Structure formats: structure tokens, C-alpha cells
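Here the structure is a predicted model, which is why all the values come from computation and not from measurement. Chain identifiers are assigned alphabetically (A, B, ...) following the order of the sequence lines, protein sequences preceding nucleic acid strands; residue numbering begins at 1 within each chain.
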2 protein chains.
Amino acid sequence: MSTGKLDTEVRQSQIAQAALSLIASHGLKGLSIARIARKVGIVPSAIYRHFKNKEEMLDAILHHIQKRLLDNIDIVCNETLEPLDQLRRLLMYHVKLIRENQGILRIIFSEDFCHGHPKRKGRVYDIILNYLNNVDKIIIQGQQEGKIRRDIGPATISLMFLGIIQPAAILWHISDGKFDVTRHAEKAWKTFSECLIMK
Amino acid sequence: MSTGKLDTEVRQSQIAQAALSLIASHGLKGLSIARIARKVGIVPSAIYRHFKNKEEMLDAILHHIQKRLLDNIDIVCNETLEPLDQLRRLLMYHVKLIRENQGILRIIFSEDFCHGHPKRKGRVYDIILNYLNNVDKIIIQGQQEGKIRRDIGPATISLMFLGIIQPAAILWHISDGKFDVTRHAEKAWKTFSECLIMK
DNA sequence: CATTAATGTGAATAGTGATTCACATGAGAA
DNA sequence: TTCTCATGTGAATCACTATTCACATTAATG
């Protein structure tokens, strides 16, 4: 209406973004084609010009999430070469990503998103593993450089790393933003990194 | 049908249990009155003999969860008086609880469950805070006894404590049980507790 | 300018959801 | 036994869902 006609790629991206944001505000149950369309500023049936059906659209959201996660890895790797620094920064970028996109955690946790779609469930799994593998790489690098202790496996460390933010993120979103994730992340990182440093 | 008529308290309990189990297997979106009724063995409209509406029934589930969480605290406090031991055991009981009741994490993360019901959202928040407060108490006890370092706040520690399991639990349930949560919990606990001990 | 393919629209369809209601049944009290 | 109330039933209602289709509009292309 206000925007006129747009390329299908632009629309696909708009739709995925709108959907992710609606998942954050209304949950997966509240994610209807009608609502997405309203948010994008088009009519429900127009969604089908850009996606075969709702399923295909949900897959697009997944792709979007994967991209955002891996972008963060790239960013920190370009900002610094120091593994511990990379981790600290990644932590903060992750907090930012989660804060700006609450839908991500919901998708990962919900059975709704994957139920009856083992293929999609597998993709969610792959996305997480892929992200963790990248964190692993940073850790291994740190271990090789003698900056991170070598008596813990990288996989354990990277999962614990995610664990710094995860529960805090829950509190943050359940408390309607009252809980201060960033502050917790900083404090927890202080303890965690201290624990990681090779003595 | 097969069971005949039952007391409303019995039915309420049956219904809540069926609902929680359906959330685990079909997600919140798949949690319909019809499905619950079928699982319990009655007709959809019969649900309304025992709950005013669906909302009231969801509240019953919350109560059930809260009880299970606090039960674990009681159990570990009765099993041992050693704070670090209590934490380790709590970790394992928590893993067990999450494993047996995947629905719990889903409820906590889903906006569906609380959307448009600030009161219920507040209750979920309270349940978590309450649980964390109990973990805090254990930690404070440990700090007073000189067994846990005092330079980190108990609240930070208790959240990090939950963080040991959270991401692993996600992997476990997304991987259809392939990921070994217990193993990760043990390894992570080793590192974490070492980091907690007062030097 | 005229054409065409891509994109947007509004109405219609078919399914499913929660909820209500008039009625049926059964178990225990009188 | 008979009465009564709690519980169970089946049909009906209303809102909302995804999806389709015939048609309108726009942007770019020849």
C-alpha cells in the first residue's frame, strides 16, 4: 500500500523479519499469516506470492537466524585475534542478538516449530552445532596459544559459555526486560574467564 | 467411558498431567482441548466440568511444575548438609526433572503460555525466582562456612549454576535424546565447582 | 506507447479451535 | 426405590486459521 510493489527477495526478508518479531511478541501460536501480512503492510494472500506456504516461510526464519549467529562469529574474529577477547565480545554480541530477537530462543525451545518436521528439527540442531563448532575453534586456538587451560574439552567449554547467557536471557524476557542480562553477563564472564585462564 | 464418572479433583489432576505430557510431545500449539480430552478418555465439553476454561487449566500446570522444582530442593537438603554436595545433587535432580518433563522448559520459554496474561507471566517469573532464591540460600550457606568463594554474588552463581544444564538440555531435546546431558553436567560441574571453591 | 510478468487485492472455502447448551446417565442420599 | 446433583455427551456456534482464485495494479521491457 504505502510501499508499492517490492522485489520478492525484499519481501521474503521483510516477512521473515516480521515473523521473527511476532514470535517474540505473540509466541508461535500467535504467528498467523494474517498478522504477518498486517505487519509487513500487505494482504494475507500476498504472502503466497513469496512463499509456497507457511512451512516454507518458517524455514526462511531459520535461515535468517543462522545468518545472524554466524555473522557474530565473523565480527569478533575481525575485531580481535585474542581468543579470550573474542569470546568476551561474542558473549556481548550474543546478548545483543538475543535481546533484539527474543524469538530465537522461543524457536529453539518450541516443539511447535519442529513438530512433524524432523527435517527442520535437524536443521535447528545443525545451526546450534555449527555455532558451537565455531566457538570451539576459538577455544582450541586459545588452548594452542596457551591462553586457555587444556584440561577441559572445548565442547564442554563452549556449552558452558552459552550457559552464561541462557538462563539470564530467560529471566530477562520473563521479567519484561527488568532483569539486567548485560550486567549478569559481565559478572559471570569475569568469573568464567578467570576459571578458563591457564595457570 | 471406560472409567465411568470420577471426582473432579481426580479429573483435574488427570487433565493437568495429560496436558503437560501433550506439551512435551506436541508443543503448546498442539495442546487442544480436544486432544487433552481424548487422552483423558472423555469428551471435550467434559473438560469444562472441571475447569472454567483453558486458561484455568494452564494455571493448574504451573502449580504442578512449581511443586516439582521445590521438591528437588527439599530432597537435596535432606540428603546432605554439605552445600557443594547439595548443589551437585541438585544439578543431577534438575537434569532428571527436565529429562522427564520436557514440557517445563517449553512453558518457560513460550510466549504462548503467558501472552495476554501478565498475571501468569508474573507467576512463571516468581516460580523461577523462588527456585533461584533457594539455590542462593545453599550458596550463602557455603560462603558462610568458607567453602564457596565470597567474591562473587550468590545470585550470579545460582544463575551460572542453571547455565550448566540449560544449553545442554536444549541440545538434548533437539537431538531427540542423542546428546548426553548427564555427561555434560558432570564434566561442567567438575570445572564449575573447582572454580567455586574458596582458595 | 503497448505488452508482459511480477506483485498486490478481496472474497470465498474448508478446516479447526474454544466454548456453550440442552440433555443423558449414574451413584449416593433420603 | 426415588430423587438429586455431579459428571458425561453430542450437537451447535462463533472466531480464526491457512490457502486458493479470479481479478487489479504496477514496474520494467521491447
Quick one: do B:His94 and B:Phe161 satisfy ring-ring contact (aromatic ring centres under 6.0 Å, His included)? Show the steps, please. CA-CA 11 Å; B:His94 194 82; B:Phe161 175 74; 7.7 Å; no
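- For B:Arg123 and B:Asp126, the salt-bridge test fails: no basic side-chain N is under 4.0 Å from an acidic carboxylate O.
- Sequence order on DNA chain C of the closest nucleotides to B:Arg35 and B:Lys52 puts B:Arg35 first from the 5' end.
- Atoms NZ (B:Lys5) and P (D:dT4) sit 16 Å apart, rounded to a whole Å.
- Between the CG atom of A:Leu6 and the P atom of C:dG8 there is a distance of 6 Å, rounded to whole Å.
- Between the C1' atom of D:dT17 and the CZ atom of A:Arg38 lies a distance of 13 Å, rounded to the nearest Å.
- Side-chain atoms of B:Thr191 and A:Arg149 form no donor-acceptor pair, as typed in the model, at a separation below 3.5 Å.
- When rounded to the nearest whole Å, the span between CD1 of A:Ile47 and C1' of D:dC21 equals 17 Å.
- Protein atom CD1 of A:Ile42 is 17 Å distant from nucleotide atom P of C:dA6, rounded to whole Å.
- Within the 4.0 angstrom heavy-atom criterion, only backbone atoms of the sugar-phosphate kind lie near A:Lys54; the bases stay farther away.
- Between A:His50 and C:dA6 there is no side-chain N or O to OP1 or OP2 distance below 4.0 Å.
- In the set C:dA11, D:dG8, D:dG10, C:dA11 carries the atom at the smallest distance from any side-chain atom of A:Ser45.
- OP1 or OP2 of D:dG8 has at least one side-chain nitrogen or oxygen of B:Arg11 nearer than 4.0 Å.
- Panel note: side chain B:Asp112, backbone B:Leu28; no donor-acceptor pair is recorded below 3.5 Å.
- Atom CE of B:Met57 and atom P of C:dA18 are 9 Å apart (whole Å).
- In this model, the phosphate group of D:dT17 is approached by a side-chain N or O of A:Ser32 to a distance below 4.0 Å at OP1 or OP2.
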